[in-house]
S.K.: 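The structure follows.
Computed from heavy atoms alone, side chains included, the values below leave out hydrogens, waters and symmetry copies. We count ligands from 1, going down the list as the structure has it; atoms in each ligand are counted the same way. Here the structure is a predicted model, which means the values were calculated and not measured. Position 1 is the first residue of the sequence, and the numbers go up from there.
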Amino acid sequence: MKLRCLRPPGILKILFPNFVWRYNSGLKKVYLTFDDGPIPESTPWTLELLKEKNVKATFFCVGDNVKKYPQLYRQIIKEGHAVGNHTFNHLRGWSQNTLNYVENVILASDFIDSKLFRPPYGLIKRAQAKHLLAEYKIVMWDVLSGDYRQDITPERCYRDVMKKIRPGSILLFHNHVKADKNMRYTIPRLIDDLHEKGYEFEICE
Ligand SMILES: [Zn+2]
């Protein structure tokens, strides 16, 4: 799959205007988010860096990973970050019926205490969204880092992300082995650059 565009397609924003795509308050704030963890390969490194830079972020967790690594989940919370539900099995909404999908989110909610939800792959059916919106705020993103892409260099990942950031941007990165190389290169530089430009980092709410 080729994902040249680092912003979500406009059609999704039109279909789902009640999702959060960006926190558009006009203030110089950005929202760093990490999907798919927690995992021992990425999350401890991420937490260490965020602590060192004094930055808070939001982790959209896969329930099954929280079940496997509860101590990492607890560490995320203890260190002042926010968490969100990202289903239990990282399901693709478009290939699931609504009942299965919603039940998988409910299962994840046994492990993840949050009223925020982000659909894996950004793919969700209208009926699924309608059900979930009764309980959750659905938080998407306006800057997709492409950190998981194997066809771009870490330098390119960093450069492309920096170009797309504007006040209120929600930045999507991953705690996933495939994304690790690009993520580890980009995040520390991005934090330093944005601090220099006067941006503050906020958690999703
Ligand atoms: Zn995901």
Side-chain angles (χ1 to χ4, degrees), residues 1-3 5-9 12-13 16 19-22 31-47 50 57-70 72-73 76 81-96 98 100-125 128-129 131-133 135-152 157 160-161 164 169-184 186-187 203-204:
M1 182 169 59
K2 251 184 186 170
L3 284 168
C5 178
L6 290 176
R7 291 228 174 101
L12 287 178
K13 289 190 185 175
F16 297 112
F19 292 2
V20 180
W21 294 93
R22 181 183 167 204
Y31 299 77
L32 203 47
T33 69
F34 295 93
D35 285 11
D36 300 358
I39 54 165
E41 294 87 345
S42 291
T43 307
W45 182 91
T46 307
L47 289 172
L50 295 177
T58 305
F59 291 77
F60 286 90
C61 297
V62 170
D64 195 35
N65 284 339
V66 176
K67 190 182 174 190
K68 283 186 204 145
Y69 310 110
L72 287 178
Y73 174 80
I76 292 170
H81 305 289
V83 290
N85 186 320
H86 197 48
T87 75
F88 189 81
N89 294 110
H90 205 258
L91 295 186
R92 188 183 292 266
W94 287 4
S95 49
Q96 297 291 324
T98 297
N100 279 350
Y101 193 75
V102 171
E103 278 182 351
N104 204 262
V105 175
I106 293 169
L107 178 59
S109 74
D110 287 343
F111 298 90
I112 302 158
D113 184 19
S114 177
K115 288 292 170 199
L116 305 177
F117 175 75
R118 174 176 285 166
Y121 314 98
L123 301 178
I124 186 167
K125 292 178 188 168
Q128 294 162 349
H131 272 83
L132 293 176
L133 281 167
E135 284 287 325
Y136 292 93
K137 189 183 272 189
I138 299 185
V139 180
M140 305 297 271
W141 59 87
D142 71 325
V143 179
L144 179 64
S145 69
D147 54 358
Y148 53 85
R149 282 177 53 181
Q150 306 301 302
D151 63 328
I152 61 169
C157 177
D160 284 355
V161 169
K164 303 283 177 187
S169 276
I170 304 172
L171 318 180
L172 170 53
F173 285 86
H174 292 85
N175 269 182
H176 191 288
V177 282
K178 270 191 177 169
D180 221 39
K181 192 167 141 212
N182 288 340
M183 187 277 284
R184 288 190 191 214
T186 301
I187 292 290
I203 53 174
C204 298

S.K.: Using the side-chain contact (heavy atoms from CB on, under 4.5 Å) rule, take Val20 and Tyr31 through it: C-alpha gap first, then chi angles, then the decisive distance, then the call.
M.R.: CA-CA 12 Å; Val20 180; Tyr31 299 77; over 6 Å; no
S.K.: Counting distance only, does the side-chain N/O of Thr58 pair as donor-acceptor with the main-chain N or O of Cys204 below 3.5 Å?
M.R.: yes
S.K.: Does the Arg118 side chain pair with the main chain of His86, one donor and one acceptor, at a distance under 3.5 Å?
M.R.: no
S.K.: Look at the side chain of Asp142 and the backbone N and O of Ile170, then say whether any donor-acceptor pair between them is shorter than 3.5 Å.
M.R.: yes
S.K.: Between Asn175 and Thr46, does any side-chain donor sit less than 3.5 Å from a side-chain acceptor?
M.R.: yes
S.K.: Closer than 2.8 Å to the Zn ion (ligand 1): how many protein N, O or S atoms are there?
M.R.: 3
S.K.: With a 3.5 Å cut-off and no angle check, do the side chains of Ser114 and Asn85 form a donor-acceptor pair?
M.R.: no
